Amino acid sequence: MATRRRMLLKVIILGDSGVGKTSLMNQYVNNRFSNQYKATIGADFLTKEVQIDDRLFTLQIWDTAGQERFQSLGVAFYRGADCCVLVYDVNVTKSFERLNNWREEFLIQASPSDPENFPFVVLGNKIDVDGGNSRTVSEKKAKAWCASKGNIPYFETSAKEGFNVEAAFECIARNAVKNEPEEDMYLPDTIDVGGAGRQQRSSGCEC
Amino acid sequence: MRGGDVAAAEAGSPRSPDLYDLSDDSDYAAAAAASDHTVMRTDPADRGSEETARVDVVYEKERVTIHPSQYGSGRISGKLRLFLQQGSLFLSWGPNEGADSLSTSSVGVEIEKYRNLYTIKALPLSDVRFIRRYTPTFGLDYIIIVLSSGLAFPPFYFYNGGIRELFATLKQHVFIIRSDDDPNVFLVNDFQDPLQKSLSSLELPGVASVANAMSRQNSLSFTGSNDESRHGATSSMSQYSSKQKHKSNDPGRDLSIQVLEKFSLVTKFARDTTSSLFRDNSAAHAYGRQQHEYILDNKATDKHKNQYITPEKASTPSATIESDPLPLVWGKQRDRPLSVEEWTAFLDPEGRVMDSKALRKKVFYGGVDHALRKEVWKFLLGYHEYDSTYAEREYLAAMKRAEYEAVKSQWKSISATQAKRFTKFRERKGLIDKDVVRTDRSIPYYEGDDNQNVVVLRDILLTYSFYNFDLGYCQGMSDFLAPILYVMEDESESFWCFASLMERLGANFNRDQNGMHAQLLALSKLVELLDPPLHNYFRQNDCLNYFFCFRWVLIQFKREFSFDQIMLLWEVLWTHYLSEHFHLYLCVAILKKYRQRIIGEQMDFDTLLKFINELSGQINLDRAIQDAEALCTIAGENGASCIPPGTPPSMPIETDGGLYVQEDEVL
């Protein structure tokens, strides 16, 4: 049980409807982009095996409905999360402004043991749209907000073109590992062969 | 061993010479041989020798009576027997010859029919699931025999006593134990687990062999070509079963149904196996029809000396069989869609639907020909009244078109400057814009860039969010609207159909999700009623919130089936024929179908959610509807009482504060 728990990293993707949560997840897991995704109803998840510093993990990425009205479902889906990804659309100011709401709602519903230090990662998606000309939220503005919330790592991505998606998720995975309770690392039956490894987790996150 | 038994049996059964004599051993031999499918099938030539096989009557009781009608005078007295042949125990019951002297002339004809219907030629005890004993303080003792298939015979009333001897004799020849749940229920052939704990655990794999044995026999008897007697006997059972549904005042009926409810699990299992066998039989027609044909077949080819089943008489109520085969056990085979001719026949010259219940029933069982959907959906959705005339509907359409345009102009007239100061409008529009371009775009009607139908979809949803400003727009609504617009091909008519649908399902989209929670709770109760082992599993694994069924319920399986299938499913649901909440029974049916896997693979909440999501496109719709129908029928009132009033899609219970809960939500 402890072994399984240690191996599984649960990540929740939140953000307004249509910012590209499903697309980001699919681009990362399946290296695919489609214009045909439907609005997510309820929740779903994809899994991907990842290696972090010689250790293998199963990243379980949860995609949820973006409409605020469905937030009450979060209680069931957010439980046991190791990292929360907040996504906004750099072309839609409102989706950026609502990041704080998503963050707070997550902390309330997931009620992590240490909310102050719970790992979030922010993604500004759709930077490809209109060659960046329709952009309404600047990188600077986004980074300032992330800094004000305890130095949340920030990535600008394009799920459509696959830009920066891999890097973002590597950071997400490392932050999720970081969130794992320390004692879990030394339970028997682990397949930890790297031994040393997780204090240099931040190396993948330029933020 | 038989000597003592015969003595015991005969002690309580003095023979009356005026009664039809069932004692001829060769008759029993013929009956038993006819019921022995293996012999029949593998070596029909041996039949002659079978007929001379030894038959030992071990129990016999006169004046064992059935009460097919509510009239006391309508009882049919007969003789119940247990007999041994080739080491197997059989049960038989046949009516006394001649009409019961008490029956009046008006019911006499009916009675004559029942006499033949209820005859049991030779029922192998291996086909019996259990026998329920009733020994009321006042009144007659009686038993109800329930087969592994879930079929039940009518109560047999013991006018001369003899129930104790019956069970004593049974005990000597077959494996029989009392149920822990009910000391009056005697489980027969329960080899798997002699310590069988509860009725509710019966669908565990342990009963598989019994159920399988039954279904194998059924398949043989239905596919064999010259097995006439067996067909006759089986037909009479199904006829009883269908008859049973129509009787309302027979005290035995409720009791037997009650028992059947408890055993719905066994029933379901047997049905699963038997119906799959039917399906595999390429020659098989609809089950009801098949039964019917066999009876007619018997009529045409009956050369076999058949004392109990008189085919001419047995086929009399065949219309009943065709319309309601085995209502408690099988969901009816799916019918063809409502055709133009049938639809026309439902309408009077002015266009009123004359028998809306019959129409809804027809649609429930077969759906609607696509060409008719445009017309019929308006009734099913409640936009048109069934008793409206062509003229009234035309007038309504014109009025409603004007009303639609009026509501639409409310947002159409919002200028860009005004929109800048109207956040709620901008955001609603933004959300709808985002959703319509990702709704059913693979359907030709909506595919491609700059598709005008996508624009219409957007306009209708935005108009609706003004028409029902409190509810607004919510994700999932576009899923409902897309097939409606596809069928109606008209903006205003689609809007009003959608609005009618939202009258019932609006609560699914409430801010506080009360409509969803009510349905998921009802679903939990239904699973608890209809599949206790699965319920227990969900309880133990913290899955009772049923959020893994959220998508199923929110948009009524829209994402689980193809576009064509969903139109069929929705019209079936919208009939509200068996239940307004048939979709919940469908959830139970599908969960039940996968219960073995869910429990076997020890799925936790996450895995279960994933599993359910991935069932999309994998569910056999007709089968699921049939299963749900059977569950809904079996659950009956108990099922309905799991679902509180006002649970969508029931019409909401109106409150003073408006229908839709409002909070500080932007959208």
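Convention: sequence-line order gives letters A, B, ...; per-chain numbering from 1. It should be emphasised that the depicted structure is a prediction, and the values quoted were computed from it without experimental measurement.
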Is it true that atom [atom1] of [X] has more than 12 heavy atoms of other residues, nucleotides or ligands lying nearer than 6.0 Å?
X: A:Arg32; atom1: CZ; result: no
X: A:Glu116; atom1: CD; result: no
X: A:Lys38; atom1: NZ; result: yes

Could you have a look at B:Arg426, B:Gln475, B:Met516 and say which one has the most heavy-atom pairs with chain A under 4.5 angstrom?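 Looking at each of B:Arg426, B:Gln475, B:Met516 in turn, B:Gln475 comes out on top.
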Distance (rounded to the nearest 0.5 Å) between A:Thr40 OG1 and B:Arg551 CZ: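 The OG1 atom of A:Thr40 sits 9.0 Å away from the CZ atom of B:Arg551.
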What distance do A:Ile41 atom CD1 and B:Phe550 atom CZ have between them, rounded to the nearest 0.5 Å?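 Going from the CD1 atom of A:Ile41 to the CZ atom of B:Phe550 covers 7.5 Å.
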Using heavy-atom distances under 4.5 Å, tell me whether [X] contacts chain A through its side chain, its backbone, both, or neither.
X: B:Phe605; answer: side chain
X: B:Ser442; answer: both
X: B:Gln513; answer: side chain

May I ask you to name which of A:Ala39, A:Gly18, A:Ala65 has the most heavy-atom pairs under 4.5 Å with chain B?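 Option with the top pair count is A:Ala39.
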A side-chain contact here means heavy atoms from C-beta on lying under 4.5 Å apart; do [X] and [Y] qualify?
X: B:Lys434; Y: A:Val92; value: yes
X: B:Asn613; Y: A:Phe45; value: no
X: B:Glu427; Y: A:Lys94; value: yes

Look only at the side chain of [X] and the backbone of [Y], and say whether a donor-acceptor pair between them is shorter than 3.5 Å.
X: A:Gln67; Y: B:Leu431; result: no
X: B:Lys610; Y: A:Asp44; result: no
X: A:Arg69; Y: B:Phe509; result: yes

Decide side-chain contact (heavy atoms from CB on, under 4.5 Å) for A:Trp62 and B:Leu609; before the verdict, give the C-alpha distance in whole Å, the side-chain angles of both, and the deciding distance to 0.1 Å. CA-CA 11 Å; A:Trp62 283 73; B:Leu609 178 115; 3.7 Å; yes
Step-by-step side-chain contact (heavy atoms from CB on, under 4.5 Å) determination, B:Arg511 to A:Glu68: CA-CA 9 Å; B:Arg511 160 81 188 168; A:Glu68 190 186 3; 3.5 Å; yes
Where do B:Arg438 and A:Ser17 come nearest, in terms of heavy atoms and distance?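 Taking B:Arg438 first and A:Ser17 second, the nearest heavy atoms are NH2-OG, 3.1 Å.
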Hey, are A:Arg79 and B:Asp606 close enough for a salt bridge, meaning a charged N less than 4.0 Å from a carboxylate O?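 Salt bridge between A:Arg79 and B:Asp606, a charged N being under 4.0 Å from a carboxylate O: no.
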What residues of residues 555-565 of chain B sit under 4.5 Å from chain A when you count only heavy atoms?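 Hits under 4.5 Å: B:Ile555, B:Arg559.
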Can you say whether A:Gln60 sits under 4.5 Å from chain B via the side chain, the backbone, both, or neither, judging by heavy atoms?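 Contact with chain B: side chain only.
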